[in-house]
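Quick one: structure below, then a few questions.
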Amino acid sequence: MPPELRALLEGPVLEVAPRLLGATLRHGDVAVRLTEVEAYDGANDPGSHAHRGLTPRNSVMFGPAGHLYVYFTYGMHHCCNVVCGPEGTASAVLLRAGEVVDGLETARQRRPRSRDRDLARGPARLCQTLDLDLGHNGARLDVPPLTLEPGPAPEAVSSGPRVGLRLASDRAWRFWLPEEPTVSQYRSAAPLPRRRTGR
DNA sequence: CCCGTGATTCTCT
DNA sequence: GAGAATCACGGGC
């Protein structure tokens, strides 16, 4: 891993996550400047896929830092995370949103109905715009066409509860750049049990 | 608000 | 192995 990327991912995940704001994730022609992320602290974190130990799906998170952990959910969406921390800690940072800073024409073709600010607004949209799917699970982030590069340190960082989690909603482990139009809209986890209609 | 959609994992046999 | 619950979401109304 090159020293720049090592420095970016070094340390506890709660330090790494806000540090990733302003960094640029590139996949081929398209590059996204990250504006919103969430920290997941492996086995210590009830919200993490790694909370119940190693499984086939989450195995990449238990490996070395600097790789992508991609998963498929809701039968149609991909989400991607940057694995960080020492090997075995299974900590990772979910990439929730960003601003397209290169390859805008390609990005628009991938999401024809999106306004520009929505192209990577939300974790599944970010994956679609960058053309990331399960085939990129475990991919290194220092080998073109897939690279992650630091940006200038953010002037200000906001934080709050993570999106869509029932568990551990007391932890303010979502981080974003304030005043950014590309930050995804907050949706709390449905607290009410699903009701059947009719009957 | 509602709901599609299918992999993953857990909990029984 | 089968059945069921869950799910770090997005789009449409």
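All values below were derived from every heavy atom in this structure, side-chain atoms included, with hydrogens, water molecules and symmetry-related copies excluded.
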Discussion item. When you compare the side chain of A:L165 with that of A:Y40, does any pair of heavy atoms fall below 4.5 Å?
Written reply: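 They are in side-chain contact.
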Worksheet item: For A:Y71, what residues pass the ring-ring contact (aromatic ring centres under 6.0 Å, His included) criterion, not counting sequence neighbours?
Response: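 Scan of A:Y71 (ring-ring contact (aromatic ring centres under 6.0 Å, His included), adjacent residues dropped) gives A:H49, A:Y69.
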Worksheet entry | Residues clustered with A:Y74, ILVMFWY side-chain links under 4.5 angstrom |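 None; A:Y74 is a cluster of one.
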Worksheet item: Is there a donor in the side chain of A:S184 and an acceptor in the side chain of A:E36, or the other way round, less than 3.5 Å apart?
Response: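 Yes.
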Item to complete: Under the side-chain hydrogen bond (donor to acceptor under 3.5 Å, both in side chains) rule, collect the residues that match up with A:S158, sequence neighbours excluded.
Response: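 None.
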Worksheet item: Hey, does the side chain of A:T129 reach the backbone of A:A107 with a donor-acceptor pair shorter than 3.5 angstrom?
Response: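 Not a single qualifying donor-acceptor pair exists.
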List, with names and distances, any nitrogen or oxygen atoms from the protein found under 3.5 Å away from nitrogen or oxygen atoms belonging to nucleotides 1-4 of chain C.
none

Practice prompt. Only counting residues at least two apart or in another chain, list the ones meeting ring-ring contact (aromatic ring centres under 6.0 Å, His included) with A:H77.
Written response: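 If we apply the ring-ring contact (aromatic ring centres under 6.0 Å, His included) test to A:H77, skipping adjacent residues, there are no hits.
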Show each protein N/O and nucleotides 10-13 of chain B N/O combination with a separation under 3.5 Å, one pair to a line.
none

Practice prompt. Report the residues that fulfil side-chain hydrogen bond (donor to acceptor under 3.5 Å, both in side chains) with A:N137, sequence neighbours left out, ordered by chain and then residue number.
Written response: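 If we apply the side-chain hydrogen bond (donor to acceptor under 3.5 Å, both in side chains) test to A:N137, skipping adjacent residues, there are no hits.
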Fill in: Consecutive-pair stems (at least three Watson-Crick or G-U pairs, under 3.5 Å) that include DNA chain B
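Consecutive-pair runs (3 or more) involving DNA chain B: B:1-4 with C:9-12, B:6-12 with C:1-7.
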Give the table of side-chain donor-acceptor pairs shorter than 3.5 Å for residues 141-149 of chain A, with sequence neighbours excluded, one pair per line with atom names and distance.
unit_1, atom_1, unit_2, atom_2, d
A:D142, OD1, A:R140, NE, 2.9
A:D142, OD1, A:R140, NH2, 3.3
A:D142, OD2, A:R140, NH2, 2.9

Output side-chain donor-acceptor pairs under 3.5 Å for residues 11-19 of chain A, partner residues at least two apart or in another chain, one line each.
unit_1, atom_1, unit_2, atom_2, d
A:R19, NH1, A:A7, O, 3.1
A:R19, NH1, A:L8, O, 2.9
A:R19, NH1, A:E10, O, 2.7
A:R19, NH2, A:E10, O, 3.3

Discussion item. Can you list everything that forms a side-chain hydrogen bond (donor to acceptor under 3.5 Å, both in side chains) with A:T55? Sequence neighbours excluded, please.
Written reply: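 side-chain hydrogen bond (donor to acceptor under 3.5 Å, both in side chains) check on A:T55 returns A:N58.
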Worksheet, complete the sentence: With sugar-phosphate taken as primed atoms, P, OP1 and OP2 and all else as base, the protein-contact string of nucleotides 7-13 of chain C at under 4.0 Å (heavy atoms; B, S, -) is BBBBBS-
Worksheet item: Does the side chain to side chain contact (heavy atoms under 4.5 Å, CB included) test come out yes or no for A:R108 and A:E105, once each step is laid out?
Response: CA-CA 5 Å; A:R108 285 172 177 156; A:E105 293 305 318; 3.0 Å; yes
